[in-house]
2 protein chains.
Amino acid sequence: MKRDSRLSGVLHVLLHMAQQPGPFTSETLAKAMDTNPVVIRRIMAGLREIGYVRSEKGHGGGWTIACDLSKVTLRDVYAALGNPPLLAMGNRTEAPGCLVEQAVNAALDQAFDDAEALLLARLGEVTLAMLGEDLRKRLGSRKIHDISAHRA
Amino acid sequence: MKRDSRLSGVLHVLLHMAQQPGPFTSETLAKAMDTNPVVIRRIMAGLREIGYVRSEKGHGGGWTIACDLSKVTLRDVYAALGNPPLLAMGNRTEAPGCLVEQAVNAALDQAFDDAEALLLARLGEVTLAMLGEDLRKRLGSRKIHDISAHRA
DNA sequence: GTTTCATGTAACTTTATATGTTACATGATG
DNA sequence: CATCATGTAACATATAAAGTTACATGAAAC
């Protein structure tokens, strides 16, 4: 399976947007992310439906943040993406008749469920505002990061 | 990404083998797992290299368990598979020049690393012998499970 | 009102990876 | 030496993310 980087991608976009006033076109964001505008629209669609961002057509259109960054956690963003699978591993058969496989599944599920729960909990502890704060520290004395000066 | 079920599969095989004296041919095991003999050989190769199982060619050949089941954990088995990726999600870019992406990676990595560590720890707590014990409970009064009577 | 800009979305291609299959070489047993 | 079983390469299939193309829809500028 290819590694899913949509959460990473959409957070990157949001954090960029939070650094300067919008709106931002998909094309601008795509260039900053070194990808395609359609990919941007795709990963942003879920966030728009929930109302974390807004999109406008036509001249002066583009994407705008429409939520309180201190209230939205990484877990919320993950949920907006449609809760894609977290683990790369799973059981061969989900409801096996074989008792041997049931025993294996039981052991693995316990470990898998624990890990998933911890991951979601950790994501739930971090808000977008906290990400922004961390970014500001990294920027240090530098000027506000201009999206047009982006280097991957 | 397709979900990786090799750990699940190889544990199923090992637990079956632990129920009756061997050796077992790849074909027998493949039938029990409803898959192909080559797949069995593939997932067993790593275990053979570490010495958890042995394989013999020719008449009367096949696979045999060659380790102390109470000493080998699920984590050991996982390692024998070559430590395949545990998480289905990852960072877009691993060493980005963009500070925004660095901030995102830092936050995600913390969550990802914690979850991976917990998963590995949990797998490390369970030995193959413990799996066998759990299976015995599930079998209850029933006779020893005969691999030839296997149903997926 | 027509041109331009920007999103929305379907359809297709590409890429990565697990899994399934075929074919054949290697080596052990009877 | 015929048969059985593993070892492995090569190829095929399945699934899902990511990238791309094409075009419809709607808003703003002129």
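Keep in mind the model is a prediction, meaning the values are calculated, not measured. Hydrogens, waters and symmetry mates play no part in the numbers below; they use all other heavy atoms, side chains included. In what follows, chains are A, B, ... by sequence order, proteins preceding strands, each numbered from 1.
Between A:Met89 atom CE and C:dA18 atom P there is a gap of 10 Å when expressed in whole angstrom units. The distance between atom CG of B:Leu87 and atom P of D:dA17, rounded to the nearest whole Å, is 15 Å. The CZ atom of B:Arg48 sits 17 Å away from the P atom of D:dA5 (whole-angstrom rounding). D:dA17 atom P lies 17 Å from atom CG of B:Asn91, rounded to whole Å. In this structure, A:Asn36 atom CG and C:dT14 atom C1' are separated by 13 Å, rounded to whole Å. If you measure from atom CG of B:Leu7 to atom C1' of C:dT19, you get 16 Å, rounded to the nearest angstrom. Put simply, CZ on A:Arg3 is 20 Å from C1' on D:dG19, counting in whole angstrom units. The nearest whole Å value for the distance from the CD atom in A:Glu27 to the P atom in C:dG8 is 15 Å.
Checking the phosphate oxygens (OP1, OP2) of D:dT6, a side-chain nitrogen or oxygen of B:Arg41 falls inside 4.0 Å. Phosphate proximity of C:dT19 to B:Thr35: absent, as no side-chain N or O sits under 4.0 Å from OP1 or OP2. Between A:Ser5 and D:dA18 there is a side-chain N or O to OP1 or OP2 distance below 4.0 Å. Between A:Ser55 and C:dG8 there is a side-chain N or O to OP1 or OP2 distance below 4.0 Å. For B:Arg54 and D:dT6, the shortest distance from a side-chain N or O to OP1 or OP2 is not below 4.0 Å. Proximity of A:Ser26 to the phosphate of C:dA6: no side-chain N or O atom is located under 4.0 Å from OP1 or OP2. A sub-4.0 Å separation between OP1 or OP2 of D:dG19 and a side-chain N or O of B:Arg92 is absent.
Set against D:dT6, D:dG19, D:dA9, the side chain of B:Val38 has D:dA9 as its closest nucleotide. Across D:dT6, D:dT21, C:dT22, the shortest atom-to-atom separation from the side chain of B:Trp63 is found for D:dT6. Of the candidate nucleotides D:dG19, C:dA23, C:dC5, C:dC5 has the atom nearest to the side chain of A:His59. Distances from the side chain of B:Lys57 to the nucleotides D:dT8, C:dA28, D:dG19 place C:dA28 closest. Considering only side-chain atoms of B:Arg6, the nucleotide from C:dT19, D:dA18, D:dG26 that sits closest is C:dT19.
When heavy atoms are screened at a 4.0 angstrom cut-off, B:Gly62 is found touching the sugar-phosphate backbone but no base atom.
Linking ILVMFWY side-chain heavy atoms closer than 4.5 Å, directly or via other members, places B:Val104 and A:Leu81 in a single hydrophobic cluster. Linking ILVMFWY side-chain heavy atoms closer than 4.5 Å, directly or via other members, places A:Val39 and A:Val53 in two distinct hydrophobic clusters.
Take the nearest nucleotide of DNA chain C for B:Pro85 and for B:Glu56: the residue whose nucleotide is more 5' is B:Pro85. Nucleotides of DNA chain D nearest to A:Gly60 and A:Ile43 differ in position, and the one nearer the 5' end is that of A:Ile43. For B:Gly61 and A:Val39, each mapped to the nucleotide of DNA chain D holding its nearest heavy atom, the one lying further toward the 5' end belongs to B:Gly61.
Here B:Glu133 does not pair with B:Lys137 in a salt bridge; the nearest charged N to carboxylate O distance is not below 4.0 Å.
Nearest heavy-atom pair across A:Thr25 and A:Gly61 is CG2-O, 4.0 Å. The two atoms that bring B:Met33 and B:Ile40 nearest to each other are CG-CD1, 4.1 Å, heavy atoms only.
A:Met89 places a side-chain heavy atom less than 4.5 Å from the side chain of B:Tyr78.
Under 3.5 Å, the side chain of B:Arg42 and the base of D:dG7 form no donor-acceptor pair of N or O atoms.
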